[in-house]
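One is the number of the first residue; the rest follow in order along the sequence. In what follows, every heavy atom counts, from backbone to side chain, and hydrogens, waters and symmetry copies are set aside. For ligands, and for the atoms within them, numbers begin at 1 and follow the listed sequence.
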Amino acid sequence: MKKTKKYKIITFGCQANKSDSERIAYVLESSGYKKTADEKNADVLVFNTCSVRKSAEDRVFGQAKNITKIKKQNKNLKVILTGCMMHHKKEYLQEKMPFVDIFLHIKDLYTLPSLLGETLKIKPKEYLSFEAKHESNFRAYIPISYGCNNFCTYCIVPFSRGKEYSRPKKEIIKEAKELIKKGYKEIWLLGQNVNSYGIENYSNKTIWDGKTRKGEKPIIKKGCCTFSDLLKEIDKIKGDFWIRFTSPHPKDFTDELIDTIANSKKITNYINLPVQAGDDEILKKMNRTYTVAHYEQLVQRIRKKIPDIAISTDTIVGFPQETKKQFENTKKLYRKIGFDMAFIAKYSPRPNTASAIALKDTVSQQEKERRHKELTKVLEKGLLKKNKQLLGKILRVLVDEKKKGKAYGRTEGMKLVEIQNPQKAKIGEFVDVKITQTGAWAQKGEIISQK
Ligand code: SF4
């Protein structure tokens, strides 16, 4: 009897990579492979890599000893490297990772079966058009675009993923409908610059003034629409589910988009709005195209229309030449805005990016760590105060994990809740939870009713 071939995918990095891995899994399974948790008996081991920080790459380089050992015992094993690290020259990767057999640009996913010597031939097509073998049966990621045209000076994405490409609207709606029909409860729309989906250009080509793009007529790519219209279409699909999206760029956050979120029942009251720094000079050096005042005005406009919105952010500390005063400005902004969460990163120069080429990495690692800790403290203090308002409230929670006799879920605003009566919690179901205890990073509560 023919032996079933097995595969394992190890994914590093963000949701976009997780979603790509689900498409890689689909292609492998279409070629007859079955998933295994153990690389020792796998025929194919895929590393889907991240390049956003040097430490992410080091984790892949660090696999060398282990994989070389496994390959000695498992002679059939083929190791594939894909994902963001493919922006490096092949010779460099080969030298660092001699254990890799196949280097695959994710855009060439259709070539994978033939590279593995399989008979299945797939017609060339955009890799996002492949089906996904979803890991979860209640939460699904739908990539609506990939790549980015923004060239923030610290960011590797325009190099690793290339120019922005938007998937046809029809394909996205079809995927969303199928998932909702299957009972999925949370749909995440993904894009590196998710809210520039479908836009070729703005007709009057004015530079964004930080206030609004309302009135500007965007030129829409063939087969697409604006991000706002895409959300409206998905919102119309019948069913009980949440819509989330990440990551929007402040410059593309139109008033129309704010209205769409405000008027929708299914788009969650949660926005991750990356600010990156709270100082105009640093923002300019980052090429973020907005000022602190623009960002604040945008937050005000969002809060005016959607008062119970939860806003999280992303920030880089220790950007080249960031002075202590400039860092203090970021702390000030954190206090002023009162974020509902923040993802704080220490600057790490990435090859070929403008900041790595033109700006000396002047802030020491020790100082970056100090700033990281300080900003986290500011965030924590704000969260403690803010989350107190949740005490006694009844919030809808999507249960997403059960471990060691405990159950956990997230609110619409992405607040983590530890459920005190876990016997009533079922993974993948919505429940109404009364918040009984609040904290900075997690809340506690009791299920009072199930949906
Ligand atoms: S918008 Fe995001 S993905 Fe695009 S270059 Fe800037 S940080 Fe990178």
Side-chain angles (χ1 to χ4, degrees), residues 12-20 49-54 56-57 83-88 106-107 128 141 143-167 188-202 207-208 210 213 218 221 227 244-254 257 271-280 282-292 294-295 298 311-320 322 330 342-359:
F12 297 85
C14 63
Q15 287 143 317
N17 265 18
K18 282 184 196 150
S19 164
D20 286 353
T49 61
C50 169
S51 242
V52 74
R53 273 181 278 287
K54 188 175 168 289
E57 292 192 348
C84 291
M85 279 174 76
M86 285 298 293
H87 72 91
H88 284 295
I106 191 69
K107 285 184 194 170
L128 293 182
Y141 300 117
I144 64 166
S145 60
Y146 70 73
C148 185
N149 302 339
N150 289 334
F151 289 93
C152 300
T153 58
Y154 52 82
C155 183
I156 197 84
V157 167
F159 303 94
S160 60
R161 290 192 171 247
K163 275 187 147 189
E164 187 178 286
Y165 161 80
S166 296
R167 274 177 91 185
W188 278 88
L189 303 181
L190 302 181
Q192 264 80 38
N193 186 172
V194 76
N195 53 340
S196 65
Y197 167 81
I199 292 176
E200 186 75 59
N201 212 333
Y202 286 92
I207 294 172
W208 182 61
R213 282 194 184 275
K221 288 175 186 166
F227 181 57
R244 297 191 187 274
F245 58 86
T246 196
S247 272
H249 193 297
K251 77 172 162 58
D252 295 308
F253 222 104
T254 59
L257 178 54
I271 301 169
N272 170 252
L273 195 62
V275 68
Q276 304 300 3
D279 181 87
D280 285 348
I282 296 294
L283 285 174
K284 203 167 175 201
K285 282 182 183 160
M286 288 177 162
N287 190 30
R288 289 295 289 175
T289 71
Y290 53 82
T291 62
V292 175
H294 294 153
Y295 186 89
L298 175 59
I311 299 178
S312 71
T313 198
D314 299 348
T315 303
I316 297 171
V317 294
F319 190 77
E322 182 190 61
T330 301
F343 307 95
I344 306 165
K346 290 165 262 175
Y347 174 76
S348 141
R350 308 311 298 123
N352 301 322
T353 58
S355 68
I357 294 168
L359 302 170

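Looking at atom 7 (S) of ligand 1, its nearest protein heavy atom turns out to be Tyr154 OH, 3.4 Å.
In this structure, Ile106 CD1 and Cys84 SG are separated by 9.5 Å, a value rounded to the nearest 0.5 Å. The distance from atom CD1 of Ile271 to atom OG of Ser247, rounded to the nearest 0.5 Å, is 12.0 Å.
Ion pairing between Asp20 and Arg161 holds under the 4.0 Å rule for side-chain N and carboxylate O.
The aromatic rings of His249 and Tyr290 sit perpendicular to each other, their planes meeting at more than 60°, with 30° as the lower class boundary.
The distance between the ring centers of Phe159 and Phe151 falls below 6.0 angstrom.
Checking each of Ile144, Asn195, Thr246 against Leu189 for a side-chain contact (heavy atoms from CB on, under 4.5 Å) leaves exactly one that passes, namely Ile144.
Considering only heavy atoms from C-beta on, Lys221 comes within 4.5 Å of Glu164 through its side chain.
In this structure, Gln276 has no heavy atom closer than 4.0 Å to ligand 1.
For a distance threshold of 2.8 Å, the protein N, O or S atoms nearer than that to atom 4 (Fe) of ligand 1, listed by chain and number, are Cys148 SG.
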